[in-house]
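Because the structure is predicted, anything quoted here is derived from the model rather than measured. Convention: sequence-line order gives letters A, B, ...; per-chain numbering from 1.
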Amino acid sequence: MDVDISIRVDGDTHRLSVDTRTTVLDTLRERLGITSPKKGCDHGQCGACTVLLNGRRVNSCLLLAVAHDGAEIVTAAGLAVDGQMHPMQRSFIEHDAFQCGYCTPGQIVSAVAMLGEAAAGWPSFATPAGEQPATPDSGGMRDDEIRERMSGNLCRCAAYANIVPAIREVAEA
Amino acid sequence: MTTITARAMGQALSRVDGPAKVRGHAPYAFEQPVDRPVYLYPVEAAITVGRITGIDCSHASAQPGVLGVLTHLNAARTSAGASGELGILQSDQVAFRNQFVGAVLAETSEIARYAAGLVRVDYEARPHDVVFDAGRRDLYKPEQLAPSFPMDTDKGDVDAALSSAPFALDQGYTTPRYHHNPLEPHSTIAVWADGHFTLHMSTQGVHVARACLAQVFDLDPDRIRIIAPYVGGAFGSKVQPRADAVLAMLAARMVPGRPVKFQLTRQQTFSQTGYRPPTVQRVQLGADRDGRLLAVAHSCTAPTARIQEFAEHSTRSTPTLYATPNLRTRQRLAKLDISTPSIMRAPGEASGMFAVESAMDEMAIACGVDPVEFRIRNDTDTHPLTGLPFSSRNLAGCMREGARRFGWDQRDPTPRARRSQGWLVGTGVATALYSVFRLPGSASIQAHPDGRYTVSIGAADIGTGTWTALAQVAADALGVDLTQVELQIGDTNYPCASEAAASSGITSWGAAICEAADQLRHALADQPGGQLPPQGLTITADMPENPYLQQYSMHSFGAQFAEVRINEFTGEIRVPRQLGVFAVGRIVNPRTARSQLLGGMTWGLSMALHEHGALDPRFGATVNQDLATYHVASNADVGNVEVHWLDEYDPYVNPMGTKGIGEIGMVSAAAAIANAVHHATGIRVRDLPITLDKLLPESRPVTATS
Amino acid sequence: MRPFRYARAENVAGAVALLARSPEGAFLGAGTNLVDLMKLEVLTPDLLVDVRQLTSDAVEELPDGGVRIGAAVPNSDLAAHPLIRRRYPLLSEAILAGASGQLRNMATTGGNLLQRTRCPYWQNITTPCNKREPGSGCSAIDGFNRDMAILGSSPQCVATHPSDMAVALTALDAIVRTEGPSGERTIPLAQLHRLPGNEPQRDTILQHGELITAVDVPPLPYAVRSRYRKVRDRASYAFALVSVAAAIDVQDGVVRDLRIALGGVAHKPWRATIAEQALRGQPADPDQFWAAASAEVAEARPLTHNAFKVPLARNTIVETLLNLTGISG
Ligand SMILES: Cc1cc2nc3c(=O)[nH]c(=O)nc-3n(C[C@H](O)[C@H](O)[C@H](O)COP(=O)(O)OP(=O)(O)OC[C@H]3O[C@@H](n4cnc5c(N)ncnc54)[C@H](O)[C@@H]3O)c2cc1C
Ligand code: SF4
Ligand code: FES
Ligand code: FES
């Protein structure tokens, strides 16, 4: 069953007709040719498909496109502004925070959003009870905060030990 | 061998493919833009062994958007030689659960997948045999895989030495089934047009894949082109093409001219792309009163598939490890009705060295010798089996440097002696070893009059950093600036090269490029006036033989250290610190090399604590077939990982002096953790993974919490 | 995925009416569980009624000092809400212990409570499962059952309920508000989920088409010091082997009141009433904690691969209580 929707991706509006079964991830990748978000599991279990949906990081593989008509989506490609890489992207390169690169766009979107969540005072499971999570203004984030908050993005190449300092550097900047 | 001067080599350059990858613009196989794609979804066998008695495709075919249903009744015939897992859809036989028995081609992936579920297959099941145990009567000795690794080895009289040794150990160790799970599932886009296949494929080696698939389809290799500039991880699972590639090609035959897109689901990768088979191992060690080994015996049994053989050769590196007058290794397999296991990162070493290096820890304790010292004491200058000298062997150096950096001399060897806030703390060490491999291949260099050089080779970058590091090698081989080199890889249109496997990539490809650069210099010298002709000059050369192969035994070494914490109430395990020191020859690119090693060490952590494919004997397949139930390490599981290496110059391995770094980081990392767990708790876990139930206190903990 | 229609309703009543007419339809929250299972064809609804916009997405203070959580409140927002963090830290922690940042950003309160089991045989339509196909047999009982239940299971099904949030809410005596074909009702959360018995296909007592509109959490002053302790096979992004939600009120060395609920051990969030009863009015000391925890798991009936959950549950209860009371074991 096809339904007409429109979504904005990285600033461009796309109108198209989708099968009700089509996920946001497949809409981006197979219908719009926007392949920055990756498919690693298709079940919310790896984070490779992470995009910003109306400003929040989400797994696009579990979202039905039909339920997100009118949504504003930002992918890793869209984080770069005017051809300039986002500081998180530069930091990932600098710290060699990836190998095969397949998890990387998801990691980067996730990291950018995660810093925003922490700055907004959202706790994580690593935040000591009753305390505010460390925010950029309160002197950077502890590594265990970064690790916990980034655990929804698996990296099978296991670049974690580089991903954490890459993010920390941006958090401290 | 002339060695080349390092100018670009040794520089910690950032990845040339970095900007594309952080944006997500580097196209992986499934992302190559194609027109009017056809989507493929497989039908998998719902029995373990038996025969298909009927297939009803009518419901599937009736779905709007379905273009065809592929079964053994209508699939193109492949070569009779295409046996084993690649011989799909050629008969009504089912050899293992989830084997492909059909597929649906459709206009969209949603339609293809749904329609595949509508294909009705009737079976006649036969009893299956999938239970592996080391006591089976039908164990057999497999064919030798590589000449350097005999399946069985014997030196001296192990039994006599063991029976008279002052200290003797005889222990069993097991490792479970491991699944590679590269984050990019195996993917193919196949086009069949004008008698030619074009494949965008996720592969570790375009040429290996082509040679294999050409055979399956009885085609001249020139009629297949494979393109794979970027590969989203592989770890051995993408060395040999698997049935998914064959299925995509069979489907492409049905819709000539249209690109068929096929990406396995994560679940399907568990039965279609190989795995490290479980092992049951036995290690016997004998030592004298000074802590010198008198005997080493190591045996391994593992399952393989009835339809295709693979041996997890866990004993293959044991003879290289330590000086010993008596040595024995044995390797046995059992054939079962399961999908075919395969190479997986450090095949043999990952499983085997867990056993041997756990046993070494036990023996060090038995002898009352510090585990670092015990390994140094049993170091050797010559290969214990062949008697050849080592081209370079810095095990003792790695151990000493690691011990120094780790703070090992502070260590109280008493188990269960350190605790901190409700957690028991322990440290452990283990030896890492991986052999130097070189696989034949060729490379071509085109010299342009403007001073640029195009270096082409059918190599692969699976995350290893080839795009960057091989360009550095090429620049030094040519003696030019890196900016003058344009590297081309990942396409069968480039010269035939080996696969990215066995940590041999840079070593093999680099040697071929060095040879091509040499020949280019000679060819230039032969030109009138030594001048490059206006149209440029192209040289293609094969990797030369290494004259030292018969004279030296060539291996990388390392020392792995780990600190663990075990919760006294729950047995939960944390690894706050891993430290590795490696002697792996020349480091071409410190930045990407470090990533390879720390990725390997984290694989070792994941192997030690998390990974375990549970085969259900009733179905013959892995039950936990996704990333929520098959756990690989997450970010929160990884603590500080410190990677160091010794400056090592090995003039015998190849012109670059490289020994390979892709796998050794993982070798024995699990043993170091298991040894640390013993130090922390007094509990020796000989069966991986080390899950909390194995450390959970039966009786009431007596310590303070908070 | 089976083809399906997608619908939105004007309001709750409209949504309820839509489903009442569609016996094979389902409500769609964020879909992080439903879409997951539809891909596997474990669930094959022919109609999805999107309910995210229909119920409240706010956390409100109730006059009695409790809070009301709209069914559409995303898990992340709930965990970060100042009221929840201050009054019910165990609830905030439970949510944060579950899934991942991305999933919590989508997942709704209603959907979280009604997420289905993670039993791998239930998720694989080629293996028998009584929950998916009543009467076909339970593959887990004699299969890979490390993650399965040790309490309250039946010979028909040994699955566990995977929600962390529900465990904390059970400890807090939360009340679920619903609107269905037969009108509105309130259900104590402890009674929402069922034990499998002879009908493992039914997870809850809800009727088809009954929509969760909100969850009320009554006041519990001493919950300001409370904890959610989750033990799992991976340090993050993994379901619980065993989890403990606990709050305890100790005065002058005596346990005045306490709440304990367990996750990962049963087909529903497990209220540890035996342990609670054993401790209420008793001295707060390690021996009492140990005895109470042991009593709670005395009736456990573990399977081949999960016997460890019995001592694990016991130890985790004790550790959590020691931790909350600051007493040394
Ligand atoms: C990889 C992964 C890991 C996870 N780990 C954890 C974990 O560790 N701990 C944990 O607790 N959870 C975990 N989850 C589960 C996650 O919390 C749930 O998927 C999520 O909470 C479900 O919310 P939803 O809004 O997406 O529900 P949906 O998927 O939309 O719905 C779930 C069910 O509830 C029904 N439903 C939804 N809303 C209502 C309503 N208002 N009234 C009546 N019925 C309704 C739907 O019909 C469906 O049957 C994990 C999920 C994934 C994918
Ligand atoms: S435990 Fe329940 S859900 Fe799992 S297979 Fe058995 S019946 Fe199905
Ligand atoms: S592809 Fe979406 S989480 Fe893995
Ligand atoms: S870089 Fe390969 S999975 Fe993360």
Sort Asp19(A) into side chain, backbone, both or neither according to what part of it lies under 4.5 angstrom from a heavy atom of chain B.
side chain
Which answer fits Ile34(A), side chain, backbone, both or neither, if we ask what part of it has an atom under 4.5 Å from a heavy atom of chain B?
neither
So which residues of residues 180-187 of chain B are in contact with chain A at a heavy-atom cut-off of under 4.5 Å?
His180(B), Asn181(B), Pro182(B), Leu183(B), Glu184(B), Pro185(B)
Which atoms of Pro19(B) come close to chain A, meaning under 4.5 Å heavy atom to heavy atom: side chain ones, backbone ones, both, or neither?
both
At their closest point, which heavy atom of Arg23(B) faces which heavy atom of Ala80(A), and how far apart are they?
NE-CB, 4.0 Å
Atom group of Asn153(A) that falls short of 4.5 Å from chain B, counting heavy atoms:
neither
Per-residue contact mode, Gln596(B) against chain A (heavy atom under 4.5 angstrom)
both
Ala77(A), part contacting chain B, at a heavy-atom distance under 4.5 Å:
both
Let me know if Val109(A) has heavy atoms under 4.5 Å from chain B in its side chain, its backbone, both or neither.
neither
Does any heavy atom of chain B fall under 4.5 Å from the side chain of Arg21(A), the backbone, both, or neither of them?
both
Portion of Asn640(B) that has a non-hydrogen atom of chain A nearer than 4.5 angstrom
both
Any donor-acceptor pair under 3.5 Å linking the side chain of Lys21(B) with the backbone of Thr104(A)?
no
Under 3.5 Å, side chain of Ser634(B) to main-chain N/O of Ser151(A), donor-acceptor pair present?
no
How far apart are the closest heavy atoms of His179(B) and Arg156(A), and which atoms are they?
O-NH2, 3.1 Å
Geometric cation-pi criterion, Arg15(B) with Phe98(A): 6.0 Å, 45°:
yes
Under 4.5 Å heavy-atom distance to chain B, tell me which part of Ile93(A) shows up: side chain, backbone, both or neither.
both
Salt bridge (Lys or Arg N to Asp or Glu O under 4.0 Å) contacts in which one or both residues fall within residues 3-14 of chain A, not counting sequence neighbours
Arg8(A)-Glu72(A)
Looking at every heavy atom in both Thr602(B) and Tyr160(A), which two are closest together, and how far apart are they?
CG2-CD1, 4.2 Å
If you tally heavy-atom pairs under 4.5 Å against chain B, which of Ala97(A), Ala76(A), Gly40(A) wins?
Gly40(A)
Under 3.5 Å, is there a donor-acceptor pair between the Arg149(A) and Asn635(B) side chains?
no
Measuring heavy-atom distances to chain B, does Glu94(A) have an atom under 4.5 Å in its side chain, in its backbone, in both, or in neither?
both
Indicate yes or no for a side-chain donor-acceptor contact from Arg29(A) to the backbone of Glu31(B) under 3.5 Å, with no hydrogens or angles considered.
no
Heavy-atom closest pair (Leu154(A) atom, Ala633(B) atom, distance to 0.1 Å) is CD2-O, 4.1 Å
Please name the pair of heavy atoms, one in Gly24(B) and one in Pro105(A), separated by the smallest distance, quoted to 0.1 Å.
CA-CG, 3.5 Å
Side-chain H-bond candidate by donor/acceptor type, Glu110(B) with Thr22(A), under 3.5 Å:
yes
Structural part of Ser595(B) lying under 4.5 Å from a heavy atom of chain A
both
Measure distances from Thr592(B) to the heavy atoms of chain A and classify the residue's part below 4.5 Å as side chain, backbone, both or neither.
both
Listed by residue number, which members of residues 44-57 of chain A have a heavy atom under 4.5 Å from any heavy atom of chain B?
Gln45(A), Cys46(A), Ala48(A)
Throw together a table of side-chain donor-acceptor distances under 3.5 angstrom for residues 62-70 of chain A, partners on residues two or more places apart or in other chains.
unit_1, atom_1, unit_2, atom_2, d
Asp69(A), OD1, Ser6(A), N, 2.9

